[in-house]
Amino acid sequence: MENRELAAMFEEMADILEIKGDNPFRIRSFRRVAEALHSLNFNVAAAIVENPEKVRAVPGIGEGTIRKISEVVATGQCEEHQRLRAEIPASALPMLDLQGLGPKRIGLIWSSLGVSTIDELEAAAREHRLRGVPGIGEKTEASILKGIEDYRRTQGRLRLDQALTATAPLLEHLREDQSVLRLDTAGSIRRRRDTIGDIDILVATSEPEKAIQRFLSYPGIRTVLVGGGTKASITLSKGVQADLRVLEEQSFGAALQYFTGSKDHNVAIRERAKRRGLKVSEYGVFRVEDNQKLAGEDEDGIYRLLDLQPIPPELRENRGEIERAELGTLPRLIEESDIRGDLHMHTTASDGRDTAEDMAQAGIAKGYEYIALTDHSKALSMIGGLDEEAVLRRCREIDRLNEIIGRIRILKGMEVDILGEGELDLSNEVLAALDIVIASVHSHFNMAPEKMTERICRALQNPYVNILAHPTGRILLRREPYAFDFKEVFRVAIENKVMLELNSYPDRLDLKDAHLRLAKEMGALISINTDSHSAAMLRFMTYGIYTARRGWLEAEDVVNTYSLPRLLAVLKKQAYR
DNA sequence: GCCGTTTTCGGCCCGACTGTTTTCAGTCG
């Protein structure tokens, strides 16, 4: 049993208890358990049998949790979990994902109107029955409808990390079959888009039926939609659809090219082929006059045959990549191995799970030359943000840690809140003591765009600010970016030698691809950071790199590919790029 | 439910905003 399966159980129990109005601290501790389970790098179900003390030592996991996990490992389920599920219909839980509607009102609406699904909720709102519920008026009813609308718009899509996590075991399952000769993902998942509609998988085999059967025997299937001779479609647990296409090895490259898309890219490629008397299909590249097949087994060969540099999947959006490939001047896209450090992470000093030393050791394990510890400032009092005095104390601790560890340079940093008028949450005197200052917006998201632009620009003009973190504040599939004038903000950042962040946290990926490219073209320097809240999250760098590649970034565009001396010069504003 | 002590029970991250109230509850971050 995987940690995430156990985590899902604790999350669901927390959700139900919340609607029931149970003890909030008990709910919070269930959520903490779920978080802990996600961040641990060993299998808890196995460990609890072999070495329970190891599990018991995890902060947030106590006797009650040990009991529940042991019960699940022994019997396959947890009695309390089953009992709770019987009390609140599972169909009510997705209502918790609606913005503007919380557990209290869900509980109230359920008990007074019997509404237990989003569909019923929508009907009740449209018929103005919600206003009869105590504490709900016209405006709340309208805001609930808006919440439902937003929810429907994003439903059925997965974040890239969720899609990759769902796909990996399925690919593994297919790979174990002898008849599978070649195997890859296609579609938006291969292009590494930030969200994914469905999962496309291609298999080359000489025994199509066997490969299809293997696919349909995957244990993670929820429903089988189609199961034909050359293709099959299933849905997985989160309702996401996975499509398999089976083909012969000699057309695998052509199929990969065809099914990777994007649609616009393929249209342009096929037009180009047509002008050259060629025809491109999912079976290969053919000469029109005699239908002779000229390429198809490998994907690069298709591009070469059209006198193009092979185009990395991340660039295939028909945004100029074909013209550049013709000239042979495609960017040499950044790779994860170019990264020498991570400049945004949190520790136990504010809302991180691990200590400064833990983070440093994790950085060393990744082969980094430097990291920056950037805990939150005091405006975020709810998560223990640091005030001036605490920052200075923290600096002394990091100095000591640098002396002890030695193998990696730990930069003294802070993630400082940009307050409502653009002023920073810490005094310049204290900022001057730091190696690196990250500025970010965590409040007042729905300002007028002009006001937001002014606010951010004012913060960027502070001489100590080095990085503007997660510049648009978007949360994928949940929160829209806040509105401001990108070009103006980028311009002011460049003028003040401030870097723009590509936040690799998988539900942010902010800046996004198009904005990265714009920033690069304007001359901005980017910093790709994980915003880790635990040592395990340093792996999120992978997602940042995917997005960076979609934004056409090369190593030279990214400050944390620079050597330490060069980075320090940028941080002191003696250099930019 | 977890934790840490004051070692076995009491505290557990808080402040702003909104809409609905007529003095505050619910939601969000």
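Here is the naming used below: chain letters follow the sequence lines, and residue numbers restart at 1 for every chain.
Taking a pair to require two hydrogen-bonding distances under 3.5 Å in either a Watson-Crick or a G-U wobble arrangement, B:dG19 pairs with B:dC24.
Remark: the separation of the P atoms in B:dT20 and B:dA25 is 16 Å, to the nearest Å. The C1' atoms of B:dG26 and B:dT21 are separated by 12 Å, rounded to the nearest whole Å. For B:dT8 and B:dG15, the C1' atoms lie 33 Å apart once the distance is rounded to whole Å. A distance of about 28 Å separates the P atoms of B:dT18 and B:dC12, rounded to the whole Å. Nucleotides B:dC14 and B:dC9 place their C1' atoms 24 Å apart, quoted to the nearest Å. Taking the P atom of each, B:dT5 and B:dG1 are spaced 22 Å apart, rounded to whole Å.
When each of A:Glu450, A:His444, A:Glu421 is checked for a side chain to side chain contact (heavy atoms under 4.5 Å, CB included) with A:Arg455, only A:His444 meets the rule.
Side-chain atoms of A:His533 and A:Asp351 include a donor-acceptor pair closer than 3.5 Å. Judged purely by distance below 3.5 Å, without hydrogens or angles, the side chains of A:Thr117 and A:Asp119 never pair a donor atom with an acceptor atom. Side chain to side chain, A:Ser350 and A:Asp375 meet the donor-acceptor criterion of an N or O pair below 3.5 Å.
Residue contacts for A:Ser143: at a heavy-atom cut-off of 4.0 Å it reaches no nucleic acid atom on any strand shown. Using a 4.0 Å heavy-atom cutoff across all strands shown, A:Lys378 reaches no nucleic acid atom at all. Heavy atoms of A:Arg131 sit nowhere under 4.0 angstrom from any nucleic acid atom.
Classification of A:Glu80 and A:Arg67 as a salt-bridged pair fails, no side-chain N sitting under 4.0 Å from a carboxylate O. Using a 4.0 Å cut-off between a side-chain N of Lys or Arg and a carboxylate O of Asp or Glu, A:Arg393 and A:Glu389 qualify as a salt bridge.
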Could you run down nucleotides 23-29 of chain B 5' to 3' and tag each one B, S or - for protein heavy-atom contact under 4.0 Å?
-> ---SSSB
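Annotation: proximity of residues 17-37 of chain A to DNA chain B (heavy atom, distance under 4.0 Å) is found for A:Asn23, A:Phe25, A:Arg26, A:Arg28, A:Ser29, A:Phe30, numbered in ascending order.
As a whole-Å value, the separation of A:Ile383 CD1 from B:dC12 P is 17 Å. Atom CZ of A:Arg67 and atom C1' of B:dG1 are 10 Å apart (whole Å). Following rounding to the nearest Å, A:Arg56 (CZ) and B:dG1 (C1') show an atom-to-atom distance of 11 Å. The nearest whole Å value for the distance from the CD atom in A:Glu63 to the P atom in B:dG4 is 13 Å.
In terms of position on DNA chain B, the residue among A:Gly64 and A:Asn446 whose nearest nucleotide sits closer to the 5' end is A:Gly64.
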Test ring-ring contact (aromatic ring centres under 6.0 Å, His included) applied to A:Tyr370 and A:Tyr368, step by step = CA-CA 6 Å; A:Tyr370 47 82; A:Tyr368 287 162; 7.8 Å; no
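B:dT8 shows a glycosidic angle within 90° of 0 and is accordingly assigned syn.
Under a cut-off of 6.0 angstrom, the local environment of CD in A:Glu336 is crowded, with over 12 non-hydrogen atoms contributed by other residues, nucleotides or ligands.
Using cut-offs of 30° and 60° for the angle between ring planes, the A:Tyr482 and A:Phe445 rings count as parallel. Relative orientation of the A:His442 and A:His376 rings is perpendicular, given thresholds of 30° and 60° on the angle between their planes.
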